[in-house]
Amino acid sequence: MTLYFLRRALGALVVVLVLTAVVYATFYIAPGDPARLACGPRCNPEQIRQVREQLALGDPVYVQYWHFLQGIVAGHDYSTGTGVLHCDAPCFGLSYQNDQQVTDLLVQRLPATASLAAGAMVVWLLLGTGTGLLSALRRGGATERALTWLTLAGTATPVFVSGLGLLMLFCAYLEWLPFPSYVPLTDDPEQWAWNMLLPWAALGLLESAKYARLTRSSMLETLAEDHIRTFRAYGVSERALIGRHALRGALAPVIALSAADFGSMFGNAVVTEMMFGLPGIGQLLVTATRTIDLPVVVAVVTVTGAAVVVANIVADVLYTVADRRVALR
């Protein structure tokens with residue numbers, strides 16, 4: 001187990017390093033002038049030259065990339081109009097818009113995205129696995145056909161369509177819920193939950209269709225295995241057969257995929273955050289892209305990519321825990 005974790009950690013470190021190199025090359029070495037973007041459209045050539053010196057853009061590319069990595073690991077000092085500002089690690093630089101540390105911007109937006117991802121994961125696991133299990137156990141009947149059509153409709157419905165429908169139904173027509181306005185969990189847990197219900201439902205419904213299909217196919221494969229047929233031949237009751245033996249093997253890929261999807265939600269929930277006005281990382285990325293705020297864009301892409309890498313490691317571990325037949329190699 002220890003050796004497995006060491007190998008995966010080393011592989012993850014290599015992947016993250018490659019990711020940072022690609023991201024840095026894409027945004028800082030590609031055609032364009034970061035000094036002009038950082039200074040703004042009204043800067044004269046002398047001001048652009050000063051910004052280029054402050055950002056050390058005259059250094060070789062490998063030196064600039066080394067400073068970028070050094071800032072992430074140990075922090076970095078940046079020259080500003082008011083003096084020298086020390087950025088604590090992990091440091092992705094200063095925003096071109098307000099000289100604020102990009103790390104602080106990420107920390108401010110992280111709770112909203114984490115809340116959305118965690119709540120949506122609960123929705124898609126409960127609804128998706130429940131629908132998939134019921135469809136597998138009612139195979140060939142009217143229930144399975146109805147659930148199959150529902151999952152297909154859920155897969156084909158974009159999140160902005162389902163989100164708009166939920167807003168119109170529960171906020172405008174029925175008036176059961178207020179229009180979502182993000183409230184931090186630490187300020188008012190009850191209002192936080194009420195205002196997050198619709199975003200959780202919109203994103204969770206979209207993902208639940210995928211999990212319903214996965215659970216159904218995995219459950220049918222598990223029920224067709226030899227050891228399940230042996231248990232059934234020995235007279236084990238159907239409830240015990242499913243609950244003690246089939247369910248664990250069938251849910252192993254679901255658990256693994258949910259961990260990976262949770263990591264990817266930090267970058268894939270942009271539409272949901274924009275629709276419901278959630279001040280998350282996705283909304284921060286859209287705003288930074290519009291204003292060409294390169295440090296913020298680089299930081300968001302790097303952090304979300306690293307989250308996906310870590311989530312995949314967690315998914316592999318959970319898969320082996322859920323299904324002991326899978327060996328750690």
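Excluded from the calculations below are hydrogen atoms, water molecules and symmetry mates; all remaining heavy atoms, backbone and side chain alike, are included. None of these values were measured; they are calculated from a predicted model.
With sequence neighbours excluded, the residues that form a side-chain contact (heavy atoms from CB on, under 4.5 Å) with R138 are L134, T143. For R139, there are no salt bridge (Lys or Arg N to Asp or Glu O under 4.0 Å) partners two or more places apart in sequence or in a different chain. Under the side-chain contact (heavy atoms from CB on, under 4.5 Å) criterion, L247 pairs with L133, L251, sequence neighbours left out. Under the rule for a side-chain contact (heavy atoms from CB on, under 4.5 Å), the partners of S162 that lie at least two apart in sequence or sit in another chain are T157, V159, A202. Annotation: side-chain contact (heavy atoms from CB on, under 4.5 Å) contacts of A246 (sequence neighbours excluded): M219, T222, L223, I228.
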Sequence neighbours left out, cut at 3.5 Å: what donor-acceptor pairs do the side chains of residues 271-278 make with other protein atoms?
residue	atom	partner	partner atom	Å
E273	OE1	G282	N	2.8
E273	OE1	Q283	N	2.9
E273	OE2	T113	OG1	2.8

N/O donor-acceptor pairs under 3.5 Å from side chains in residues 299-314, not counting sequence neighbours:
residue	atom	partner	partner atom	Å
T302	OG1	V298	O	2.7
T304	OG1	V300	O	2.7
T304	OG1	V301	O	3.0
N312	ND2	V308	O	2.6

Return a table of donor-acceptor pairs under 3.5 angstrom between the side chains of residues 204-216 and protein atoms on other chains or two or more places apart.
residue	atom	partner	partner atom	Å
E207	OE1	K210	NZ	3.0
S208	OG	G204	O	3.3
S208	OG	L205	O	2.8
K210	NZ	D261	OD2	2.9
Y211	OH	L257	O	3.2
Y211	OH	S258	N	3.2
Y211	OH	D261	OD2	2.6
T215	OG1	Y211	O	2.7
R216	NE	S135	OG	3.3
R216	NE	E144	OE2	3.0
R216	NH2	E144	OE2	2.2

Per-pair distances, 0.1 Å, donor-acceptor, side chain in residues 169-194, under 3.5 Å, sequence neighbours excluded:
residue	atom	partner	partner atom	Å
D188	OD1	E190	N	3.2
D188	OD1	Q191	N	3.3
W192	NE1	S115	OG	3.3

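For the atom pair Y65 OH and Y24 OH, the distance stands at 10.0 Å (nearest 0.5 Å). Atoms OG and CG, on S95 and D104 in that order, are 11.0 Å from each other to the nearest 0.5 Å. Here the straight-line distance linking atom CZ of R232 with atom CG of L241 works out to 5.0 Å at 0.5 Å rounding. Atom CZ of F231 and atom OG of S237 lie 12.0 Å apart (nearest 0.5 Å). With values rounded to the nearest 0.5 angstrom, L106 atom CG is found 11.0 Å from Q101 atom CD. A distance of 14.0 Å separates CG of L166 from CH2 of W200, quoted to the nearest 0.5 Å.
Linking Ile, Leu, Val, Met, Phe, Trp and Tyr whenever their side-chain heavy atoms come within less than 4.5 Å leaves F160 and V270 in two separate clusters. At a threshold of 4.5 Å between side-chain heavy atoms, the hydrophobic network of Ile, Leu, Val, Met, Phe, Trp and Tyr places L126 and I242 in two separate groups. Residues F92 and V22 do not share a hydrophobic cluster, clusters being chains of Ile/Leu/Val/Met/Phe/Trp/Tyr side chains in contact below 4.5 Å. In this structure, L69 is not a member of the same hydrophobic cluster as V14, with clusters built from ILVMFWY side-chain heavy atoms closer than 4.5 Å.
Looking only at side-chain heavy atoms (C-beta outward), M121 and L125 come within less than 4.5 Å of each other. Residues L116 and M265 have side chains not in contact (no heavy-atom distance under 4.5 Å, counting atoms from C-beta outward).
The salt bridge (Lys or Arg N to Asp or Glu O under 4.0 Å) pairs that include a residue from residues 283-307 number zero, where partners must be two or more places apart or lie in different chains.
Membership of the apolar cluster around V63 extends to Y62, as traced through chained side-chain contacts below 4.5 Å between ILVMFWY residues. With a 4.5 Å cut-off between side-chain heavy atoms of Ile, Leu, Val, Met, Phe, Trp and Tyr, the cluster of M168 takes in L164.
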